[in-house]
2 protein chains.
Amino acid sequence: MERGILLEFQPEGDNCIQNSKQNENFKVSSKRAIVRQSLPDAIASDIRERILNGELEEGLTIRQEALAEEYNVSRMPVREALKRLDAEGLVQLTNNLGATVTKHSLDEIGEIFDLRILIEVDLFRRAIPAMTPPHLQKCEEILEAMESSYDADDVGKWGALNYDYHSALYAAANRSLTNDVLHRINLQSDRYVRMHLSVMQQRDPAAKEHRELLEFARAGKADEACDVLTRHIAQTKKNLLRLMIDKRADEDS
Amino acid sequence: MERGILLEFQPEGDNCIQNSKQNENFKVSSKRAIVRQSLPDAIASDIRERILNGELEEGLTIRQEALAEEYNVSRMPVREALKRLDAEGLVQLTNNLGATVTKHSLDEIGEIFDLRILIEVDLFRRAIPAMTPPHLQKCEEILEAMESSYDADDVGKWGALNYDYHSALYAAANRSLTNDVLHRINLQSDRYVRMHLSVMQQRDPAAKEHRELLEFARAGKADEACDVLTRHIAQTKKNLLRLMIDKRADEDS
DNA sequence: TACGCGGATTTTGGATACAATATTTGTGCG
DNA sequence: CGCACAAATATTGTATCCAAAATCCGCGTA
(Lines give C-alpha, C1' and ligand atoms only; values in the text may rest on other atoms or scores of the structure.)
Protein backbone atom coordinates (compact mmCIF):
# COMPACT_ATOMS: atom_id res chain seq x y z
CA MET A 1 0.00 0.00 0.00
CA GLU A 2 1.28 3.39 -0.94
CA ARG A 3 0.84 6.54 1.02
CA GLY A 4 0.51 9.48 -1.30
CA ILE A 5 2.99 12.24 -0.94
CA LEU A 6 0.73 15.20 -0.84
CA LEU A 7 1.53 18.70 -1.89
CA GLU A 8 -0.12 21.23 0.29
CA PHE A 9 0.57 24.40 2.19
CA GLN A 10 0.86 23.92 5.87
CA PRO A 11 2.25 26.84 7.78
CA GLU A 12 1.11 25.16 10.96
CA GLY A 13 -0.41 21.84 10.09
CA ASP A 14 1.55 18.73 10.69
CA ASN A 15 -0.15 15.98 8.89
CA CYS A 16 0.83 15.78 5.28
CA ILE A 17 3.95 15.01 3.42
CA GLN A 18 5.14 17.18 0.66
CA ASN A 19 7.49 16.54 -2.12
CA SER A 20 9.90 19.30 -2.84
CA LYS A 21 10.43 18.31 -6.42
CA GLN A 22 6.94 19.31 -7.41
CA ASN A 23 7.17 22.69 -5.79
CA GLU A 24 8.41 24.96 -8.51
CA ASN A 25 4.99 25.72 -9.90
CA PHE A 26 4.04 27.63 -6.80
CA LYS A 27 4.16 31.35 -6.61
CA VAL A 28 3.94 32.46 -3.01
CA SER A 29 1.96 35.66 -2.75
CA SER A 30 0.98 35.72 0.91
CA LYS A 31 3.30 37.40 3.34
CA ARG A 32 2.87 34.73 5.95
CA ALA A 33 6.13 33.09 6.79
CA ILE A 34 5.95 29.66 5.33
CA VAL A 35 8.32 27.27 6.95
CA ARG A 36 8.62 24.29 4.74
CA GLN A 37 9.08 21.31 6.91
CA SER A 38 11.76 18.93 5.83
CA LEU A 39 10.94 15.51 4.46
CA PRO A 40 12.07 13.70 7.59
CA ASP A 41 9.90 16.00 9.68
CA ALA A 42 6.91 15.40 7.47
CA ILE A 43 7.42 11.67 7.64
CA ALA A 44 7.97 11.83 11.38
CA SER A 45 4.72 13.74 11.77
CA ASP A 46 2.84 11.15 9.83
CA ILE A 47 4.31 8.21 11.67
CA ARG A 48 3.72 10.01 14.93
CA GLU A 49 0.07 10.40 14.10
CA ARG A 50 -0.15 6.76 13.16
CA ILE A 51 1.30 5.81 16.52
CA LEU A 52 -0.90 8.19 18.45
CA ASN A 53 -4.07 7.00 16.78
CA GLY A 54 -3.13 3.41 17.38
CA GLU A 55 -2.64 2.32 13.80
CA LEU A 56 0.89 1.34 14.73
CA GLU A 57 0.50 -0.71 17.86
CA GLU A 58 2.65 -0.95 20.93
CA GLY A 59 5.59 -3.21 20.47
CA LEU A 60 5.32 -3.41 16.72
CA THR A 61 8.67 -3.48 15.00
CA ILE A 62 9.01 -0.96 12.25
CA ARG A 63 10.82 -1.80 9.01
CA GLN A 64 12.56 1.13 7.42
CA GLU A 65 12.13 -0.25 3.94
CA ALA A 66 8.40 -0.80 4.36
CA LEU A 67 7.86 2.79 5.38
CA ALA A 68 10.19 4.07 2.70
CA GLU A 69 8.12 2.30 0.11
CA GLU A 70 4.85 3.60 1.51
CA TYR A 71 6.09 7.16 1.36
CA ASN A 72 7.92 6.69 -1.90
CA VAL A 73 11.24 7.83 -0.58
CA SER A 74 14.51 6.17 0.21
CA ARG A 75 15.20 4.71 3.63
CA MET A 76 17.35 7.67 4.55
CA PRO A 77 14.67 10.23 5.44
CA VAL A 78 12.73 7.45 7.13
CA ARG A 79 15.72 6.71 9.30
CA GLU A 80 15.97 10.33 10.32
CA ALA A 81 12.28 10.40 11.07
CA LEU A 82 12.61 7.34 13.27
CA LYS A 83 15.57 8.90 15.01
CA ARG A 84 13.42 11.88 15.86
CA LEU A 85 10.57 9.73 17.10
CA ASP A 86 13.04 7.83 19.20
CA ALA A 87 14.09 11.08 20.81
CA GLU A 88 10.43 11.82 21.48
CA GLY A 89 10.07 8.44 23.08
CA LEU A 90 7.43 7.14 20.71
CA VAL A 91 9.67 4.48 19.26
CA GLN A 92 12.72 2.73 20.60
CA LEU A 93 15.76 2.35 18.42
CA THR A 94 18.16 -0.46 19.14
CA ASN A 95 21.53 -0.81 17.63
CA ASN A 96 21.35 -3.11 14.67
CA LEU A 97 17.81 -4.11 15.34
CA GLY A 98 15.77 -1.19 14.18
CA ALA A 99 12.77 0.47 15.70
CA THR A 100 9.85 -0.75 17.73
CA VAL A 101 6.84 1.23 18.85
CA THR A 102 7.40 2.02 22.50
CA LYS A 103 5.37 -0.03 24.92
CA HIS A 104 5.18 1.34 28.42
CA SER A 105 4.53 -0.70 31.51
CA LEU A 106 1.51 0.25 33.57
CA ASP A 107 3.84 1.80 36.12
CA GLU A 108 5.38 3.93 33.43
CA ILE A 109 1.99 5.04 32.20
CA GLY A 110 1.21 6.13 35.72
CA GLU A 111 4.51 7.93 35.83
CA ILE A 112 3.64 9.83 32.69
CA PHE A 113 0.60 11.30 34.37
CA ASP A 114 2.51 12.07 37.55
CA LEU A 115 4.97 13.99 35.42
CA ARG A 116 2.11 15.89 33.84
CA ILE A 117 0.80 16.86 37.24
CA LEU A 118 4.21 17.94 38.42
CA ILE A 119 4.99 20.08 35.42
CA GLU A 120 1.58 21.41 34.51
CA VAL A 121 0.84 22.53 38.03
CA ASP A 122 4.18 24.31 38.17
CA LEU A 123 3.46 26.04 34.88
CA PHE A 124 -0.06 26.95 35.87
CA ARG A 125 0.99 28.41 39.18
CA ARG A 126 3.59 30.56 37.46
CA ALA A 127 1.19 31.55 34.72
CA ILE A 128 -1.81 32.67 36.74
CA PRO A 129 -0.35 35.85 38.25
CA ALA A 130 1.00 36.78 34.83
CA MET A 131 -2.15 36.26 32.82
CA THR A 132 -3.48 39.29 30.98
CA PRO A 133 -6.82 39.80 29.20
CA PRO A 134 -5.40 38.64 25.84
CA HIS A 135 -4.25 35.41 27.44
CA LEU A 136 -7.63 34.82 29.00
CA GLN A 137 -9.33 35.70 25.75
CA LYS A 138 -7.31 33.12 23.90
CA CYS A 139 -8.12 30.44 26.46
CA GLU A 140 -11.77 31.31 26.23
CA GLU A 141 -11.76 30.85 22.46
CA ILE A 142 -10.12 27.47 22.55
CA LEU A 143 -12.36 26.35 25.36
CA GLU A 144 -15.42 27.19 23.31
CA ALA A 145 -14.05 25.38 20.32
CA MET A 146 -13.50 22.37 22.54
CA GLU A 147 -16.96 22.47 24.01
CA SER A 148 -18.57 22.64 20.61
CA SER A 149 -16.42 19.83 19.29
CA TYR A 150 -17.31 17.44 22.06
CA ASP A 151 -19.77 15.50 20.01
CA ALA A 152 -17.94 15.89 16.75
CA ASP A 153 -16.16 12.67 17.62
CA ASP A 154 -13.02 13.64 15.80
CA VAL A 155 -10.55 12.11 18.18
CA GLY A 156 -7.46 13.59 16.63
CA LYS A 157 -8.90 17.08 16.53
CA TRP A 158 -10.10 16.93 20.10
CA GLY A 159 -6.68 15.78 21.27
CA ALA A 160 -5.04 18.71 19.52
CA LEU A 161 -7.54 21.17 20.97
CA ASN A 162 -7.04 19.75 24.43
CA TYR A 163 -3.32 20.25 24.12
CA ASP A 164 -3.79 23.77 22.75
CA TYR A 165 -6.04 24.65 25.63
CA HIS A 166 -3.63 23.51 28.27
CA SER A 167 -0.82 25.31 26.44
CA ALA A 168 -2.85 28.50 26.35
CA LEU A 169 -3.41 28.28 30.07
CA TYR A 170 0.33 28.11 30.66
CA ALA A 171 1.40 30.56 27.99
CA ALA A 172 1.73 33.45 30.40
CA ALA A 173 4.33 31.55 32.37
CA ASN A 174 6.65 32.13 29.47
CA ARG A 175 8.65 29.01 30.01
CA SER A 176 9.72 27.65 26.68
CA LEU A 177 11.97 24.88 27.94
CA THR A 178 9.42 23.63 30.41
CA ASN A 179 6.86 23.66 27.65
CA ASP A 180 9.09 21.57 25.45
CA VAL A 181 9.49 19.01 28.18
CA LEU A 182 5.75 18.99 28.74
CA HIS A 183 5.09 18.62 25.05
CA ARG A 184 7.06 15.43 24.86
CA ILE A 185 5.36 14.02 27.89
CA ASN A 186 2.00 14.93 26.46
CA LEU A 187 2.74 12.99 23.31
CA GLN A 188 2.91 9.88 25.43
CA SER A 189 -0.10 10.78 27.49
CA ASP A 190 -2.17 11.54 24.40
CA ARG A 191 -1.43 8.18 23.02
CA TYR A 192 -3.00 6.35 25.90
CA VAL A 193 -5.81 8.83 26.36
CA ARG A 194 -6.83 8.50 22.75
CA MET A 195 -7.04 4.75 23.03
CA HIS A 196 -9.97 5.17 25.35
CA LEU A 197 -11.21 8.61 24.50
CA SER A 198 -14.69 7.56 23.55
CA VAL A 199 -15.10 5.70 26.82
CA MET A 200 -13.54 8.37 28.98
CA GLN A 201 -15.42 11.26 27.50
CA GLN A 202 -18.89 10.29 28.54
CA ARG A 203 -17.99 9.64 32.13
CA ASP A 204 -15.63 12.46 32.75
CA PRO A 205 -16.74 15.76 34.16
CA ALA A 206 -13.79 17.04 32.18
CA ALA A 207 -15.72 19.76 30.42
CA LYS A 208 -16.75 21.32 33.69
CA GLU A 209 -13.22 21.08 35.06
CA HIS A 210 -11.80 22.72 31.99
CA ARG A 211 -14.04 25.68 32.52
CA GLU A 212 -13.22 25.82 36.21
CA LEU A 213 -9.54 26.03 35.41
CA LEU A 214 -10.12 29.14 33.40
CA GLU A 215 -12.46 30.75 35.91
CA PHE A 216 -10.14 30.23 38.84
CA ALA A 217 -7.26 31.52 36.77
CA ARG A 218 -9.27 34.58 35.80
CA ALA A 219 -10.02 35.22 39.48
CA GLY A 220 -6.36 34.86 40.32
CA LYS A 221 -7.06 31.99 42.68
CA ALA A 222 -3.90 30.02 42.08
CA ASP A 223 -4.29 27.44 44.84
CA GLU A 224 -7.81 26.53 43.86
CA ALA A 225 -6.88 26.44 40.18
CA CYS A 226 -3.93 24.17 40.79
CA ASP A 227 -6.06 21.93 42.94
CA VAL A 228 -8.56 21.47 40.17
CA LEU A 229 -5.79 20.84 37.70
CA THR A 230 -4.18 18.23 39.93
CA ARG A 231 -7.46 16.44 40.45
CA HIS A 232 -8.29 16.70 36.77
CA ILE A 233 -5.13 14.96 35.68
CA ALA A 234 -5.14 12.53 38.60
CA GLN A 235 -8.66 11.50 37.71
CA THR A 236 -7.70 10.98 34.09
CA LYS A 237 -4.79 8.88 35.28
CA LYS A 238 -6.99 6.77 37.49
CA ASN A 239 -9.66 6.16 34.87
CA LEU A 240 -7.13 5.45 32.21
CA LEU A 241 -5.05 3.07 34.29
CA ARG A 242 -8.12 0.99 35.01
CA LEU A 243 -8.89 0.75 31.34
CA MET A 244 -5.30 -0.06 30.51
CA ILE A 245 -5.18 -2.79 33.11
CA ASP A 246 -8.17 -4.44 31.47
CA LYS A 247 -6.69 -4.00 28.05
CA ARG A 248 -3.36 -5.53 29.00
CA ALA A 249 -5.12 -8.40 30.73
CA ASP A 250 -7.10 -9.07 27.57
CA GLU A 251 -4.00 -9.05 25.45
CA ASP A 252 -2.28 -11.60 27.62
CA SER A 253 -5.02 -14.10 27.12
CA MET B 1 43.14 18.19 12.65
CA GLU B 2 42.17 14.59 12.96
CA ARG B 3 40.50 12.97 15.90
CA GLY B 4 41.65 9.42 16.31
CA ILE B 5 39.07 6.71 16.28
CA LEU B 6 40.02 4.77 19.33
CA LEU B 7 39.42 1.15 20.04
CA GLU B 8 38.60 0.49 23.61
CA PHE B 9 36.13 -1.34 25.77
CA GLN B 10 33.60 0.86 27.41
CA PRO B 11 30.73 -0.95 29.01
CA GLU B 12 29.80 2.29 30.75
CA GLY B 13 32.19 4.94 29.57
CA ASP B 14 31.02 7.41 27.03
CA ASN B 15 34.04 9.22 25.78
CA CYS B 16 35.78 7.37 23.02
CA ILE B 17 34.97 6.35 19.55
CA GLN B 18 35.49 2.89 18.38
CA ASN B 19 35.82 1.42 15.00
CA SER B 20 33.95 -1.79 14.53
CA LYS B 21 36.15 -2.97 11.71
CA GLN B 22 39.07 -3.57 14.00
CA ASN B 23 37.10 -5.49 16.52
CA GLU B 24 37.49 -9.07 15.48
CA ASN B 25 40.70 -9.63 17.38
CA PHE B 26 38.89 -9.40 20.65
CA LYS B 27 37.81 -12.41 22.60
CA VAL B 28 35.26 -11.50 25.16
CA SER B 29 35.73 -13.55 28.26
CA SER B 30 33.92 -11.54 30.89
CA LYS B 31 30.25 -12.18 31.41
CA ARG B 32 29.44 -8.52 31.68
CA ALA B 33 27.02 -7.48 28.99
CA ILE B 34 28.98 -5.38 26.60
CA VAL B 35 26.76 -3.12 24.58
CA ARG B 36 28.72 -1.80 21.70
CA GLN B 37 27.61 1.70 21.09
CA SER B 38 26.92 2.60 17.52
CA LEU B 39 29.12 4.96 15.60
CA PRO B 40 26.62 7.82 15.72
CA ASP B 41 26.32 7.34 19.47
CA ALA B 42 30.05 7.39 19.91
CA ILE B 43 30.34 10.52 17.82
CA ALA B 44 27.43 12.12 19.64
CA SER B 45 29.12 11.38 22.95
CA ASP B 46 32.30 13.02 21.82
CA ILE B 47 30.62 16.10 20.43
CA ARG B 48 28.51 16.29 23.55
CA GLU B 49 31.61 16.31 25.68
CA ARG B 50 33.14 19.00 23.49
CA ILE B 51 30.06 21.14 23.97
CA LEU B 52 29.88 20.52 27.69
CA ASN B 53 33.50 21.37 28.26
CA GLY B 54 33.16 24.51 26.23
CA GLU B 55 35.40 23.58 23.33
CA LEU B 56 32.46 24.13 21.03
CA GLU B 57 31.08 27.48 22.06
CA GLU B 58 27.53 28.71 22.25
CA GLY B 59 26.19 29.81 18.93
CA LEU B 60 28.92 28.19 16.88
CA THR B 61 27.67 26.69 13.65
CA ILE B 62 28.74 23.15 13.12
CA ARG B 63 29.74 21.87 9.68
CA GLN B 64 28.97 18.25 9.08
CA GLU B 65 31.87 17.78 6.74
CA ALA B 66 34.37 19.28 9.16
CA LEU B 67 33.36 16.84 11.87
CA ALA B 68 33.21 13.96 9.44
CA GLU B 69 36.79 14.62 8.49
CA GLU B 70 37.94 14.90 12.09
CA TYR B 71 36.41 11.55 12.93
CA ASN B 72 37.37 9.97 9.65
CA VAL B 73 33.85 8.94 8.78
CA SER B 74 31.31 10.05 6.24
CA ARG B 75 28.83 12.79 6.97
CA MET B 76 26.08 10.28 7.56
CA PRO B 77 26.90 9.14 11.10
CA VAL B 78 27.75 12.72 11.97
CA ARG B 79 24.29 13.76 10.83
CA GLU B 80 22.69 11.18 13.05
CA ALA B 81 24.83 12.28 15.95
CA LEU B 82 23.76 15.87 15.42
CA LYS B 83 20.16 14.79 15.22
CA ARG B 84 20.51 13.15 18.59
CA LEU B 85 22.19 16.17 20.13
CA ASP B 86 19.40 18.28 18.71
CA ALA B 87 16.91 16.11 20.55
CA GLU B 88 18.95 16.57 23.69
CA GLY B 89 18.85 20.29 23.18
CA LEU B 90 22.59 20.78 22.94
CA VAL B 91 22.48 21.85 19.31
CA GLN B 92 19.76 23.33 17.19
CA LEU B 93 19.12 21.96 13.74
CA THR B 94 17.51 24.17 11.14
CA ASN B 95 16.23 23.01 7.86
CA ASN B 96 18.82 23.49 5.18
CA LEU B 97 21.07 25.48 7.40
CA GLY B 98 22.71 22.92 9.59
CA ALA B 99 23.45 22.86 13.26
CA THR B 100 24.45 25.50 15.76
CA VAL B 101 25.45 24.99 19.37
CA THR B 102 22.47 25.98 21.46
CA LYS B 103 22.76 29.31 23.21
CA HIS B 104 20.31 29.85 26.02
CA SER B 105 19.15 33.22 27.24
CA LEU B 106 19.75 34.01 30.88
CA ASP B 107 16.06 33.46 31.54
CA GLU B 108 16.30 30.03 30.02
CA ILE B 109 19.34 29.19 32.10
CA GLY B 110 17.33 30.11 35.15
CA GLU B 111 14.52 27.96 33.89
CA ILE B 112 16.85 25.00 33.61
CA PHE B 113 17.61 25.18 37.29
CA ASP B 114 13.98 25.67 38.22
CA LEU B 115 13.23 22.50 36.31
CA ARG B 116 15.94 20.71 38.21
CA ILE B 117 14.44 21.80 41.49
CA LEU B 118 10.98 20.75 40.43
CA ILE B 119 11.98 17.33 39.22
CA GLU B 120 14.77 16.44 41.61
CA VAL B 121 12.73 17.33 44.66
CA ASP B 122 9.87 15.21 43.38
CA LEU B 123 12.22 12.30 42.82
CA PHE B 124 13.93 12.71 46.15
CA ARG B 125 10.65 12.86 48.03
CA ARG B 126 9.49 9.68 46.38
CA ALA B 127 12.84 7.98 46.88
CA ILE B 128 13.42 8.63 50.57
CA PRO B 129 10.72 6.34 52.00
CA ALA B 130 11.83 3.62 49.60
CA MET B 131 15.54 3.73 50.30
CA THR B 132 17.10 0.54 51.59
CA PRO B 133 20.57 -0.08 53.03
CA PRO B 134 22.01 -1.01 49.62
CA HIS B 135 20.78 2.28 48.19
CA LEU B 136 22.31 4.24 51.06
CA GLN B 137 25.50 2.26 50.73
CA LYS B 138 25.82 3.14 47.09
CA CYS B 139 25.23 6.83 47.80
CA GLU B 140 27.86 6.72 50.51
CA GLU B 141 30.42 5.28 48.14
CA ILE B 142 29.88 7.87 45.47
CA LEU B 143 29.86 10.64 48.02
CA GLU B 144 33.24 9.55 49.29
CA ALA B 145 34.61 9.38 45.79
CA MET B 146 33.37 12.89 45.25
CA GLU B 147 34.86 14.22 48.42
CA SER B 148 38.23 12.76 47.65
CA SER B 149 38.17 14.08 44.10
CA TYR B 150 37.44 17.64 45.11
CA ASP B 151 40.98 18.81 44.65
CA ALA B 152 41.77 16.54 41.77
CA ASP B 153 40.53 19.32 39.53
CA ASP B 154 39.29 16.98 36.87
CA VAL B 155 36.24 18.93 35.84
CA GLY B 156 34.74 16.28 33.62
CA LYS B 157 35.12 13.58 36.23
CA TRP B 158 33.65 15.67 38.97
CA GLY B 159 30.66 16.51 36.82
CA ALA B 160 30.02 12.84 36.15
CA LEU B 161 30.35 11.95 39.82
CA ASN B 162 28.00 14.73 40.78
CA TYR B 163 25.41 13.39 38.39
CA ASP B 164 25.96 9.85 39.60
CA TYR B 165 25.48 10.94 43.17
CA HIS B 166 22.23 12.68 42.52
CA SER B 167 21.06 9.70 40.48
CA ALA B 168 21.90 7.35 43.30
CA LEU B 169 19.90 9.46 45.71
CA TYR B 170 16.85 9.13 43.47
CA ALA B 171 17.35 5.52 42.42
CA ALA B 172 14.93 4.18 44.99
CA ALA B 173 12.12 6.21 43.47
CA ASN B 174 12.26 3.84 40.55
CA ARG B 175 11.12 6.37 38.01
CA SER B 176 12.83 5.70 34.74
CA LEU B 177 10.93 8.20 32.64
CA THR B 178 11.40 10.98 35.14
CA ASN B 179 15.07 10.14 35.27
CA ASP B 180 15.34 10.40 31.51
CA VAL B 181 13.76 13.82 31.59
CA LEU B 182 16.07 14.87 34.38
CA HIS B 183 19.09 13.54 32.54
CA ARG B 184 18.44 15.75 29.57
CA ILE B 185 17.95 18.78 31.76
CA ASN B 186 21.13 18.01 33.62
CA LEU B 187 23.07 17.98 30.40
CA GLN B 188 22.17 21.61 29.95
CA SER B 189 22.79 22.45 33.56
CA ASP B 190 26.18 20.76 33.54
CA ARG B 191 27.25 22.79 30.63
CA TYR B 192 26.83 26.06 32.44
CA VAL B 193 28.05 24.73 35.76
CA ARG B 194 31.24 23.47 34.21
CA MET B 195 31.98 26.85 32.69
CA HIS B 196 32.46 28.19 36.17
CA LEU B 197 33.22 25.12 38.17
CA SER B 198 36.60 26.27 39.44
CA VAL B 199 35.08 29.50 40.68
CA MET B 200 31.98 27.93 42.16
CA GLN B 201 33.73 25.14 43.97
CA GLN B 202 35.74 27.16 46.38
CA ARG B 203 32.84 29.28 47.51
CA ASP B 204 30.15 26.68 47.69
CA PRO B 205 29.32 24.78 50.83
CA ALA B 206 28.26 22.14 48.36
CA ALA B 207 30.26 19.37 49.96
CA LYS B 208 28.52 19.86 53.27
CA GLU B 209 25.12 19.99 51.60
CA HIS B 210 25.80 16.83 49.68
CA ARG B 211 26.44 15.02 52.91
CA GLU B 212 23.38 16.51 54.53
CA LEU B 213 21.23 15.20 51.72
CA LEU B 214 22.35 11.70 52.48
CA GLU B 215 22.02 12.03 56.24
CA PHE B 216 18.52 13.41 56.12
CA ALA B 217 17.55 10.71 53.65
CA ARG B 218 19.02 8.06 55.91
CA ALA B 219 17.01 9.45 58.81
CA GLY B 220 13.88 9.42 56.69
CA LYS B 221 13.40 13.14 57.11
CA ALA B 222 11.93 13.89 53.73
CA ASP B 223 10.91 17.48 54.32
CA GLU B 224 14.28 18.51 55.65
CA ALA B 225 16.07 16.63 52.90
CA CYS B 226 14.00 18.26 50.17
CA ASP B 227 14.58 21.63 51.76
CA VAL B 228 18.30 21.18 51.60
CA LEU B 229 18.06 19.97 48.05
CA THR B 230 15.98 22.94 46.99
CA ARG B 231 18.35 25.38 48.61
CA HIS B 232 21.33 23.55 47.18
CA ILE B 233 20.13 23.87 43.60
CA ALA B 234 18.71 27.35 44.10
CA GLN B 235 22.05 28.52 45.43
CA THR B 236 23.84 27.02 42.49
CA LYS B 237 21.41 28.78 40.21
CA LYS B 238 21.95 32.08 41.92
CA ASN B 239 25.73 31.88 41.88
CA LEU B 240 25.80 30.70 38.35
CA LEU B 241 23.43 33.30 37.01
CA ARG B 242 25.59 36.04 38.46
CA LEU B 243 28.64 34.63 36.74
CA MET B 244 26.74 34.19 33.49
CA ILE B 245 25.50 37.76 33.57
CA ASP B 246 29.07 38.98 33.82
CA LYS B 247 30.19 36.64 31.11
CA ARG B 248 27.47 37.72 28.70
CA ALA B 249 28.17 41.37 29.48
CA ASP B 250 31.84 40.82 28.65
CA GLU B 251 31.00 39.13 25.40
CA ASP B 252 28.85 42.02 24.26
CA SER B 253 31.68 44.47 24.56
C1' DT C 1 13.33 -35.20 19.80
C1' DA C 2 16.24 -31.49 21.39
C1' DC C 3 20.12 -28.87 20.71
C1' DG C 4 23.91 -26.65 18.41
C1' DC C 5 26.15 -25.09 14.48
C1' DG C 6 26.72 -22.88 9.75
C1' DG C 7 25.08 -20.93 5.73
C1' DA C 8 21.26 -18.15 3.45
C1' DT C 9 18.26 -14.30 3.85
C1' DT C 10 16.68 -10.17 5.75
C1' DT C 11 17.53 -5.81 7.73
C1' DT C 12 20.15 -2.20 9.35
C1' DG C 13 24.55 0.81 9.03
C1' DG C 14 27.77 3.60 6.35
C1' DA C 15 30.06 5.55 2.11
C1' DT C 16 29.77 7.66 -2.11
C1' DA C 17 27.41 10.25 -5.68
C1' DC C 18 24.21 13.43 -6.98
C1' DA C 19 20.39 16.94 -6.30
C1' DA C 20 18.49 20.85 -3.96
C1' DT C 21 19.09 24.73 -1.19
C1' DA C 22 21.56 28.62 0.93
C1' DT C 23 25.35 31.85 0.78
C1' DT C 24 28.69 34.52 -1.25
C1' DT C 25 30.78 36.92 -4.85
C1' DG C 26 30.92 39.64 -8.73
C1' DT C 27 29.01 42.45 -12.22
C1' DG C 28 26.06 45.70 -14.49
C1' DC C 29 22.86 49.25 -14.21
C1' DG C 30 20.70 53.20 -12.19
C1' DC D 1 28.61 54.66 -5.11
C1' DG D 2 24.87 51.58 -3.95
C1' DC D 3 21.68 48.28 -5.05
C1' DA D 4 19.73 44.34 -7.51
C1' DC D 5 20.30 40.41 -9.84
C1' DA D 6 22.84 36.34 -11.38
C1' DA D 7 26.51 33.12 -11.51
C1' DA D 8 29.70 30.52 -8.60
C1' DT D 9 30.56 28.24 -4.37
C1' DA D 10 29.60 25.99 -0.19
C1' DT D 11 26.58 23.14 2.47
C1' DT D 12 22.89 20.34 3.40
C1' DG D 13 19.49 16.65 1.83
C1' DT D 14 18.36 12.27 -0.62
C1' DA D 15 19.23 8.17 -3.35
C1' DT D 16 21.83 4.25 -4.44
C1' DC D 17 25.19 0.96 -3.48
C1' DC D 18 27.87 -2.00 -0.67
C1' DA D 19 29.20 -3.82 4.08
C1' DA D 20 28.05 -5.52 8.61
C1' DA D 21 24.98 -7.43 11.70
C1' DA D 22 21.00 -10.09 13.06
C1' DT D 23 17.63 -13.49 12.19
C1' DC D 24 15.96 -17.53 10.08
C1' DC D 25 16.31 -22.13 8.42
C1' DG D 26 17.88 -26.59 7.74
C1' DC D 27 21.04 -30.01 8.63
C1' DG D 28 23.52 -33.09 11.46
C1' DT D 29 24.51 -35.13 15.82
C1' DA D 30 23.88 -36.66 20.55
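Here is the naming used below: chain letters follow the sequence lines, and residue numbers restart at 1 for every chain.
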inquiry  = I'd like to know if Asp114(B) pairs up with Lys237(B) as an ion pair, taking the criterion as any Lys NZ or Arg NE/NH1/NH2 lying under 4.0 Å from an Asp or Glu carboxylate oxygen.
reply    =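 Answer for the salt bridge query: yes.
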inquiry  = Under a 4.0 Å threshold between the charged nitrogen and the carboxylate oxygen, would Arg63(A) count as salt-bridged to Glu70(A)?
reply    =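 The answer is no: the pair does not qualify as a salt bridge.
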What's the [atom1]-[atom2] distance between [X] and [N], to the nearest Å?
| X | N | atom1 | atom2 | answer |
| --- | --- | --- | --- | --- |
| Lys83(B) | dG13(C) | NZ | C1' | 17 Å |
| Glu80(B) | dT12(D) | CD | C1' | 15 Å |
| Asn72(B) | dT16(C) | CG | P | 10 Å |
| Glu69(B) | dA15(C) | CD | P | 13 Å |
| Leu97(A) | dC24(D) | CG | P | 11 Å |
| Leu93(B) | dT11(D) | CG | P | 16 Å |
| Asn96(B) | dG13(D) | CG | C1' | 7 Å |
| Asn95(B) | dT11(D) | CG | P | 18 Å |

inquiry  = Taking the nucleotide of DNA chain D with the nearest heavy atom to each, does Met76(B) or Ile62(B) sit closer to the 5' end?
reply    =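 The 5'-side residue here is Ile62(B).
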inquiry  = Between Phe113(B) and Val193(B), is the side-chain contact (heavy atoms from CB on, under 4.5 Å) condition met? List the steps.
reply    = CA-CA 11 Å; Phe113(B) 285 87; Val193(B) 170; 4.0 Å; yes
Establish, with yes or no, whether the OP1 or OP2 oxygen of [N] is under 4.0 angstrom from a side-chain nitrogen or oxygen of [X].
| X | N | answer |
| --- | --- | --- |
| Arg63(A) | dT10(C) | no |
| Arg75(B) | dT12(D) | no |
| Gln64(A) | dG13(C) | yes |

Residues Thr178(B) and Glu111(A): side-chain donor-acceptor under 3.5 angstrom =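 On atom types as modelled, these side chains qualify, holding a pair under 3.5 Å.
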Pair Tyr192(B), His196(B): side-chain N/O donor-acceptor within cut-off below 3.5 Å =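 No pair is found: no donor N or O on one side chain lies under 3.5 Å from an acceptor on the other.
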message = Is it the case that dG14(C) (base atoms only) and Arg79(A) (side chain only) share a donor and an acceptor within less than 3.5 Å, ignoring hydrogens and angles?
response =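 Side chain to base: pair present.
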request  = Choose from dT12(D), dG14(C), dA15(D) the nucleotide whose nearest atom is closest to any side-chain atom of Glu65(B).
outcome  =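 Among the listed nucleotides, the one closest to the side chain of Glu65(B) is dT12(D).
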